[in-house]
Amino acid sequence: MPELPEVETIVRGLHGAVTGRRIAEVRVEIPSVVHSDLPGDFAALLQGESIEGVTRRAKFIVMRLGSGRSLVTHLRMTGRLIVEDEPAEDAYARVRLRFEEGGWLRFSDVRRFGRMRLAVDGAWAEGLGCEPLDSAFTSEALRGLLRGRRTPIKSLLLDQRLVAGVGNIYACEALYQAKIHPKRRAGGLSKERVGRLHTALVRVLESAIEMRGTSVDDYVDAEGLRGGFQNMLAVYGREGLSCFRCHAPIKRVTLAQRGTFYCPRCQR
DNA sequence: AGGCGTACCTGAGGGC
DNA sequence: TGCCCTCAGGTACGCC
């Protein structure tokens, strides 16, 4: 479910809420969603660790632990991390952490796609592409990544090895803002178009963070609150509705097995 | 190398 | 009501 802006919102909430706390108890409800890089039991290894801080890399939530290890969570489609005073009733709770200072962290996930991993080093992040909100992500850098690629631009935006953190909603929205057709060959984009795409990506992601993410269906942040960017979507989920710019009906096609929304008149 | 299909899961919503 | 189909914010893996 969550893309970069949603994960960033969760991370900011978690950072304030759990930094400095110590894990007193670990309850693993569904063992298949946890993994430990070290031999031994996930819960036993995690118990007693303190949380030094919470950061984001791509769509991963990284809790830095006192031992130097990290607890790395990926929410995939429907995962949630919720901070609460008491453990709430939840049929989809997968992992619960109780803190020595009081309070709980609940990892909940209807579809069991999400994962929690106890990592000893940075190997889990190998192969991830650049952070679109990092200063190193320039229009020139994006042009370099797209050069020579014959794939449709939308497919490349979803490829975490190139640009990390963009998902289906924001890929659609950025291409709309940049007035670029999602099926256009990535390597064939002019310098000017890449510039527009770069600007659009950064703007869309930054505004979505400002609005605390997009709640189309079930996304909520660490406090259980919905985001606000769903009211700003120009194309995603708007099939048949009229384009805000030119009033042509928004089209939906399938590209790289994903629903893809665009305006057939103003995206070229 | 890159692109495609499929798998992983569960639930919601539409058509009949 | 209920059955069956499609779709969902993501990624990994195997196959050409």
Side-chain angles (χ1 to χ4, degrees), chain A residues 1-11 29-35 56-61 72-81 90-95 107-117 123-129 132 145-176 182-188 201 204-205 208-209 211-221 225-240 252-261:
Chain A
M1 113 179 112
E3 307 181 29
L4 187 153
E6 291 74 40
V7 176
E8 180 66 28
T9 304
I10 292 167
V11 161
E29 315 280 0
I30 303 278
S32 59
V33 310
V34 304
H35 169 85
R56 179 188 61 76
R57 170 72 172 112
K59 298 172 196 168
F60 293 88
I61 296 158
V72 182
T73 305
H74 199 300
L75 303 172
R76 295 286 184 102
M77 301 280 264
T78 48
R80 298 175 170 192
L81 278 180
D90 179 0
Y92 306 116
R94 307 307 184 204
V95 180
F107 175 38
S108 172
D109 184 17
V110 170
R111 291 172 76 178
R112 300 192 200 178
F113 285 177
R115 291 287 180 269
M116 251 185 187
R117 172 175 178 178
W124 62 271
E126 272 170 26
L128 286 173
L145 292 171
L146 304 185
R147 190 165 293 140
R149 303 295 300 264
R150 306 187 58 82
T151 318
I153 182 61
K154 161 92 185 311
S155 309
L156 275 202
L157 289 179
L158 296 180
D159 189 338
Q160 303 297 300
R161 294 168 297 184
L162 269 78
V163 181
V166 179
N168 204 30
I169 293 180
Y170 299 108
C172 290
E173 294 298 313
L175 287 168
Y176 173 80
K183 286 190 177 170
R184 197 174 258 275
R185 258 198 309 130
L201 271 172
V204 163
L205 295 172
I209 291 172
M211 308 277 295
R212 307 180 57 81
T214 301
S215 296
V216 166
D217 194 8
D218 44 15
Y219 160 72
V220 291
D221 68 13
L225 302 173
R226 285 166 60 83
F229 200 73
Q230 61 277 10
N231 303 315
M232 309 293 285
L233 298 176
V235 284
Y236 185 84
R238 298 195 67 245
E239 182 183 15
R252 179 189 184 279
V253 293
T254 299
L255 210 170
Q257 288 87 241
R258 315 296 305 277
T260 300
F261 300 86

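Since this is a predicted model, take the numbers as computed values, not measurements. FYI, side chains are in, hydrogens and waters are out, and symmetry mates aren't considered; it's all heavy atoms of this structure.
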Rounded distance in Å between the P positions of B:dG5 and C:dT6: 15 Å
With P as the reference atom in both, quote the distance from C:dC3 to B:dC9 in angstrom, rounded to an integer.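 The same atom, P, in both gives a distance of 24 Å.
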Which sits closer to the 5' end of DNA chain C, A:Ser215 or A:Phe60, going by the nucleotide each is nearest to?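 Nearest nucleotide further toward 5': that of A:Ser215.
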Ring geometry between A:Phe229 and A:Tyr170 (parallel below 30°, tilted from 30 to 60°, perpendicular above 60°): tilted
Is there a side-chain contact between A:His74 and the phosphate of C:dT11, meaning an N or O under 4.0 Å from OP1 or OP2?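 True: A:His74 side-chain N/O within range (under 4.0 Å) of C:dT11 OP1/OP2.
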Short side-chain N/O contact from A:Gln257 to OP1 or OP2 of B:dT6, under 4.0 Å: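 False: A:Gln257 side-chain N/O out of range (4.0 Å or more) of B:dT6 OP1/OP2.
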Round to a whole Å and report the spacing from [atom1] of [X] to [atom2] of [N].
| X | N | atom1 | atom2 | result |
| --- | --- | --- | --- | --- |
| A:Ile10 | C:dG10 | CD1 | P | 13 Å |
| A:Leu162 | B:dA1 | CG | P | 14 Å |
| A:Asp218 | C:dA8 | CG | C1' | 9 Å |
| A:Ile169 | C:dC7 | CD1 | P | 17 Å |
| A:Leu128 | C:dT11 | CG | C1' | 11 Å |
| A:Glu239 | C:dA8 | CD | C1' | 14 Å |
| A:Arg56 | C:dG10 | CZ | P | 14 Å |
| A:Trp124 | C:dT11 | CH2 | P | 12 Å |

Counting distance only, does the side-chain N/O of A:Arg76 pair as donor-acceptor with the main-chain N or O of A:Asp109 below 3.5 Å?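 Not a single qualifying donor-acceptor pair exists.
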Contact class for [X] vs. all strands (heavy atom < 4.0 Å): base, sugar-phosphate, or nothing?
| X | answer |
| --- | --- |
| A:Arg252 | sugar-phosphate |
| A:Ser155 | nothing |
| A:Gly259 | sugar-phosphate |

Distance, nearest 0.5 Å, that separates [atom1] of [X] from [atom2] of [Y]:
| X | Y | atom1 | atom2 | answer |
| --- | --- | --- | --- | --- |
| A:Glu3 | A:Leu205 | CD | CG | 8.5 Å |
| A:Thr78 | A:Asp218 | OG1 | CG | 6.5 Å |
| A:Glu6 | A:Arg80 | CD | CZ | 13.0 Å |
| A:Arg111 | A:Leu75 | CZ | CG | 13.5 Å |

Output one letter per nucleotide in nucleotides 9-14 of chain B: B when a protein non-hydrogen atom lies under 4.0 Å from the base, S when only the sugar-phosphate is that close, - when neither is. BBS---
Could you walk me through whether A:Phe261 and A:Arg238 pass the side-chain contact (heavy atoms from CB on, under 4.5 Å) test, one step at a time? CA-CA 7 Å; A:Phe261 300 86; A:Arg238 298 195 67 245; 5.8 Å; no
Show the numbers, then the answer: is there a salt bridge (Lys or Arg N to Asp or Glu O under 4.0 Å) between A:Arg212 and A:Asp221? CA-CA 8 Å; A:Arg212 307 180 57 81; A:Asp221 68 13; 2.6 Å; yes
Pair A:Tyr219-A:Thr9, side-chain contact (heavy atoms from CB on, under 4.5 Å): steps then yes or no: CA-CA 11 Å; A:Tyr219 160 72; A:Thr9 304; 3.4 Å; yes
Note, DNA chain B 5' to 3' with Watson-Crick or G-U pairs under 3.5 Å encoded as ( ), [ ], | and . gives .|||||||.|||||||
Determine the minimum heavy-atom distance between A:Val166 and A:Lys59, stating which atoms define it. O-NZ, 3.3 Å
